[in-house]
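Because only heavy atoms are used, hydrogens play no part in the values below, and waters and symmetry mates are left out as well, while side chains stay in.
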Amino acid sequence: MTEKTVSEIVERCQALYDDLNFTSAREWKAAVPGRKVISYMPVYVPRELIHAAGMLPLGIMGGGDNLEVIHGDAYYQSYICRIPRSTIELGVSGRVDFVDGMLFPSICDVIRNLSGMWKMLFPDVYSKYFDVPQTYKDEVGGVFYTGEMREFLEDLERIGGRKITDDDINASIAVYNENRKVMNELYALRAAEPWKAPASEAYLVMRAGLVLPVEEHTQLVRDYIAAASAATDRPMKDNSRVVLTGMFCEQPPLNLIKSLELSGCYIVEDDFVLVSRWLIGDVPTTGDPVHNLSQAFLHSSMSTAAKYEPNQEEKGQFLVRAVRDTGAEGVIFASTSFCDPALLDRPILQNVLKRADIPFIAFKYAENSGQMQPIREQAGTFVDSIKLWSAA
Amino acid sequence: MRPSVVTAKAEDVLKDASMIKQKEMMAKHYERLSSAPETGAKVASTFVPGNLNELIMCFDLVNNLPEVNAIQSGLRKQSGSYIMEAERAGHSEDVCTYVKSDIGMMMKGNIGPNGKKLPDPDVLLLSYTGCFTFLKWFELLREQYKCPTIFLQTPYMADGKVTPNMVQYMVKQFKETVIPTLEEVSGVKFDIDRLREYLKKSAQAEDDLVYILETGKNKPSPIDAYFGGIYYIGPIFGAFRGTDDAIDYYKFLREEVDQRLLKGLGPVTPDGPMAEEKYRLVVEGPPNYTSFRQFWKMFYEEGATVVASSYTKVGGTYDYGFRHDPDRPLESLAEYCLGVYTNRSLPMRIDMLSDYINEYEADGLLINSIKSCNSFSAGQLLIMREVEKRTGKPAAFIETDLVDPRYFSAANVKNRLESYFQMVEQKRSGKGAAA
Ligand code: SF4
Ligand code: SF4
C-alpha cells in the first residue's frame with residue numbers, strides 16, 4: 001500500500017465537504033440494490049444502530065457557505081439561525097432525495113420544529129425526532145432511552161426489511177469504538193503538536209466521517225495521522241493554544257477556522273461534529289447492546305449546551321477540564337447567531353471560567369459568514385493578551 | 001391552607017365579578033409570596049406550560065412563575081430596563097426576552113408587581129415542557145440561588161402521539177425524583193389523596209374554562225379569545241389550578257359570558273363593550289405585552305374579534321378533551337404535560353389551527369411571530385401557508401416581541417393588520433385570492 005500524503009488526504013476530504021449532492025453516499029447506495037441511507041442532523045444519534053441495520057448513516061450539517069439558499073429563506077424569519085433553512089434548502093432542492101430517513105436529534109426548539117416541518121414537506125420519507133433523556137438515572141432516563149432506541153430499531157427493521165440482532169449491533173459498536181479511538185488519537189495529536197495537524201484539516205477529516213462508511217473513515221483518519229505526524233515541513237509557530245466552544249450545531253465556515261489559526265490560535269480542543277466523539281471511551285461489545293449504548297450516553301458522554309447538567313458543581317467543568325487536559329491558555333466562545341442553547345449557556349460557562357482564571361473571548365457567526373476580518377482581529381488581540389499574561 | 005375569601009359576588013357586579021375576583025386572587029398570591037420570609041412558607045419556582053400546581057400544593061409550597069413575572073414586568077413597562085440590565089451583564093441580545101427580563105429583575109432586587117421583594121426560591125422545579133430555554137433558564141437561576149433543582153423531562157410529542165414509554169418515563173420521574181425531592185425541601189409527606197382532591201377541583205374549573213373558550217363559536221363571539229383570553233387563562237395556568245378560588249372564578253366568568261351571550265353582546269374591551277363584530281380571527285403565538293393595550297386596540301377598533309387562539313392552550317389543551325383525573329393522578333399529570341400546546345409537533349399545531357378556523361367559522365389566521373421565542377416561531381411561515389392551503393382562508397404574519405419594547409413597531413403592526421383586514425374583505429366579496 002502506498003502511503004498517502006497529507007495534502008492528498010485533505011484534498012479528498014475537502015472534495016467530500018464541498019459536495020452538497022452527497023455523491024459518495026449516492027454511489028454507496030447505488031452500488032448494491034436495496035441499500036438504504038439514514039441521515040441525521042447534529043449533535044448525537046446512535047449511528048451504531050443504523051450501521052447494524054446495514055444502512056449508511058449520513059451526517060447533514062447544514063449547507064455551509066457554498067450553498068445558495070433560495071427556498072429555505074421562505075421558511076424562516078430573519079431571526080432564526082441558518083442551519084434549519086439551509087437544511088430545508090438541501091431538502092427542497094432535491095440534494096438529499098436519495099435518503100430513506102432523516103433523524104432530528106433533540107438539541108433545541110428549532111430542530112424540534114424542523115422535524116415537524118420535514119414531515120410536512122416530505123411526507124413519504126421516514127423522519128424521526130430522536131429524543132434523548134435529560135435525566136441520567138438508569139432506572140429513569142436509562143429505561144426511557146432504551147425504549148426510544150428499541151422503537152427506532154423497529155423502524156429500521158421495517159425500512160430495511162430485516163431483523164437486527166444483538167450480534168449485529170455489538171459488531172457495529174466495535175466498529176464505532178474503533179472510529180472513536182482514531183478520532184481521539186487525531187485530537188491527541190493535535191493537542192500535542194497542533195502545528196502538525198491544524199484544526200482546519202482535522203475538521204475536514206472529521207467531516208469526511210459523516211459521509212463515508214465508518215470503516216473507510218477509520219482508515220482515512222489513520223492515514224492522516226500517519227502522514228501528519230511524519231510531516232517535517234510544518235514548523236511550530238508562536239501561537240496560543242485555545243479551546244473553541246459553541247460550534248456543536250450550525251457549523252462555522254471553514255474560513256473561520258482558518259482565520260482563527262491565521263490570527264495566531266492553535267485550536268487544541270473544540271466541539272465540532274460531536275457525533276464522532278460523543279461517547280467517551282469504549283462501549284462494551286458483549287451483552288445487551290442497547291443497554292450498553294444507553295449506559296454510555298448516560299454516564300460517559302460529552303457535555304454541551306443541549307444537555308441538562310443536574311449537578312451545579314459539575315456545570316462547566318467539562319470545559320475547564322478540556323482546557324487543563326490540552327494545556328490550553330484560553331477559550332473562544334463562538335456561537336451561532338440566534339442560537340438559544342449556546343447563547344444562554346455562555347454566561348454560566350463564562351462565570352465558571354472566570355472563577356478558574358481562564359481567559360476567554362466571545363463572538364457570533366453564521367454558516368455563511370463571509371467577513372472574517374473582525375473575527376481575526378478579535379482573536380489576534382486575544383492571543384496577544386494571552387501572551388502578555390503568560391509573560392507577566 | 002389557601003383559605004378562599006370571595007368578596008365579590010357574581011350577582012352584585014355582574015360584569016366585573018370575575019375581574020375583581022382574579023385581581024384579589026393575584027394580589028393574595030403575590031402577598032403570600034412576598035411575605036414568605038416572615039411566614040416561613042417555602043417557595044417553588046416553576047414554569048407555566050406543564051406546571052404541576054396540584055402537586056406543588058401537596059407540599060404546601062407557594063408557586064412562583066418567572067414567566068408570569070416577566071409578563072407583569074412587560075405590562076408595567078419595566079421589562080425594557082430589566083432586559084438592558086441583563087444584556088449589560090453579558091446576556092445575548094438574541095435570546096428569549098422572558099429570561100432576560102427575569103434575570104434583570106433579579107439583578108435589580110427582584111421587586112414583584114406588588115412593589116415588594118419576591119423571595120428566593122427554595123426549589124426550582126424545572127418542568128421542561130415548553131422549550132429548551134427553560135432548561136438553561138433554571139441553570140442560570142440555580143447558579144444564583146444555589147437551591148435544589150428538580151428536573152422533569154417531558155418527551156416531545158413529535159409523532160403526534162403519546163406512547164406508553166413517554167408516560168412511564170414521566171411517572172418514574174415523579175416517583176423517583178420529583179416527589180421525594182419536594183418532600184425533602186418542604187418537610188411535608190406526600191399524600192396521594194390530597195393530590196386526588198386537587199385534581200378533582202382542577203377538572204371542575206377546566207370544564208368551565210372550556211365552556212367559556214368555546215363560546216367563541218357564537219356570532220358575535222361574547223369573548224375575545226386572545227387578548228381577553230390572557231385574563232381567562234390566568235388562574236388555570238398559574239398558581240390556582242386545583243383551588244376553590246379557581247372554581248369560583250370560572251363560575252363567575254361563565255355566568256358573565258352567558259349573560260353577554262343571551263344579550264347577543266360581543267367581548268368587553270378596555271374601552272368598553274365591543275361594537276360590531278366585523279372580523280373573526282384565529283391567532284397563533286403569544287401576544288406582545290409591552291404594548292398590550294395598544295396592540296389590542298388595533299383589533300377592536302377595526303371590529304376584529306379573536307375567536308380562538310393557540311396561546312390559550314400553552315397551559316393545557318382542555319378543549320381537546322384533557323382533564324386532570326383523580327383516578328390516575330400521576331399518569332394524568334404526565335399526560336397533562338405531554339399535551340400542552342408547546343409540546344405539540346408542528347403538524348399537530350397546523351391541525352389545531354385549521355380546525356379552529358373551521359369550527360369557529362373564522363375569517364382567517366393571524367400569526368404573531370415572537371422574535372425571541374424559537375419554540376413558537378421557528379416554522380410559523382410553513383404553518384401559515386399550510387393553514388391557508390387547507391382552509392382557503394387568508395393568513396397574515398406580524399412580528400413583535402414578548403416583553404422587549406425595542407421590537408414592537410406600532411406603525412408596522414398597524415399597517416399589516418389594515419392590509420390584512422382588506423384582504424379578508426376582498427376574499428369575502430370574492431374579489432381575489434389572498435396575496
Ligand atoms: S444552531 Fe443552535 S438554535 Fe440553531 S438549530 Fe442548532 S442548536 Fe438550535
Ligand atoms: S423561548 Fe418561548 S416558550 Fe421558551 S420561555 Fe421563552 S417565550 Fe417561553
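- Side-chain N/O atoms of Thr133(B) and Asp340(A) include a donor and acceptor closer than 3.5 Å.
- With a threshold of 4.5 angstrom between heavy atoms, Val99(B) approaches chain A through side-chain atoms but not through N, CA, C or O.
- Both the backbone and the side chain of Glu148(A) come within contact range of chain B, each with at least one heavy atom under 4.5 Å from a heavy atom of that chain.
- In this model, a donor atom of one side chain and an acceptor atom of the other lie less than 3.5 Å apart for Ser301(A) and Lys307(A).
- With a threshold of 4.5 angstrom between heavy atoms, Pro84(A) does not approach chain B through any atom at all.
- Looking at Thr290(B) and Asn288(B), their side chains do bring a donor and an acceptor atom within 3.5 Å of each other.
- Interface summary for chain B: among Val143(A), Val110(A), Asn351(A), Ile107(A), the most heavy-atom pairs under 4.5 angstrom belong to Ile107(A).
- Side-chain contact annotation: Thr97(B) with Asp401(B), donor-acceptor N/O pair under 3.5 Å present.
- Taking the six-membered ring where tryptophan is involved, the planes of Phe297(A) and Tyr44(A) are tilted, since the angle between them lies from 30° to 60°.
- Ser375(B) touches chain A through backbone and side chain together, each having a heavy atom under 4.5 Å away.
- The candidate with the highest count of non-hydrogen atom pairs below 4.5 Å against chain B, out of Ala305(A), Ser127(A), Cys339(A), is Ala305(A).
- In summary, the side chains of Gln153(B) and Tyr169(B) do present a donor paired with an acceptor at a separation below 3.5 Å, with no hydrogens or angles considered.
- In the model, Asp94(B) has no side-chain atom that pairs as donor or acceptor with a side-chain atom of Tyr79(A) under 3.5 Å.
- For chain A, the nearby part of Glu399(B) is the side chain; its heavy atoms alone come within less than 4.5 Å.
- No part of Leu114(A) comes within reach of chain B, as not one of its non-hydrogen atoms sits under 4.5 angstrom from that chain.
- For the set Ala306(A), Pro341(A), Gly141(A), Ser335(A), the count of heavy-atom pairs under 4.5 angstrom toward chain B peaks at Gly141(A).
- Residue contact with chain A, scored on non-hydrogen atoms closer than 4.5 Å, is absent for Ile103(B).
- When heavy atoms are compared at a cutoff of 4.5 Å, Ser377(B) approaches chain A by way of both its backbone and its side chain.
- With a threshold of 4.5 angstrom between heavy atoms, Ile350(B) approaches chain A through side-chain atoms but not through N, CA, C or O.
- A cation-pi arrangement is absent between Arg344(B) and Tyr156(B) under the rule of less than 6.0 angstrom and at most 45 degrees off the ring axis.
- A donor-acceptor pair shorter than 3.5 Å can be found between the side chains of Ser369(B) and Gln77(A).
- Residues Glu284(B) and Tyr341(B) bring a donor and an acceptor atom of their side chains to less than 3.5 Å of each other.
- Side-chain N/O atoms of Asp271(A) and Thr245(A) include a donor and acceptor closer than 3.5 Å.
- Only the side chain of Asp131(A) comes within less than 4.5 Å of a heavy atom of chain B; its backbone N, CA, C and O stay farther away.
- For Ser78(A), no part sits under 4.5 Å from any heavy atom of chain B, backbone or side chain.
- With a 4.5 angstrom heavy-atom cutoff, Met117(A) touches chain B via backbone and side-chain atoms both.
- Interface remark: of the candidates Lys146(B), Glu139(B), Gln168(B), Glu176(B), Glu139(B) forms the most heavy-atom pairs closer than 4.5 Å to chain A.
- Only the side chain of Arg346(A) comes within contact range of chain B, with heavy atoms under 4.5 Å apart.
- Ser337(A) and Arg82(A) form no side-chain donor-acceptor contact under 3.5 Å, judged by distance and modelled atom types alone.
- Only the side chain of Tyr128(B) comes within less than 4.5 Å of a heavy atom in chain A; its backbone stays farther off.
- Looking at Leu152(B), there are no atoms closer than 4.5 Å to chain A (heavy atoms on both sides), in backbone or side chain.
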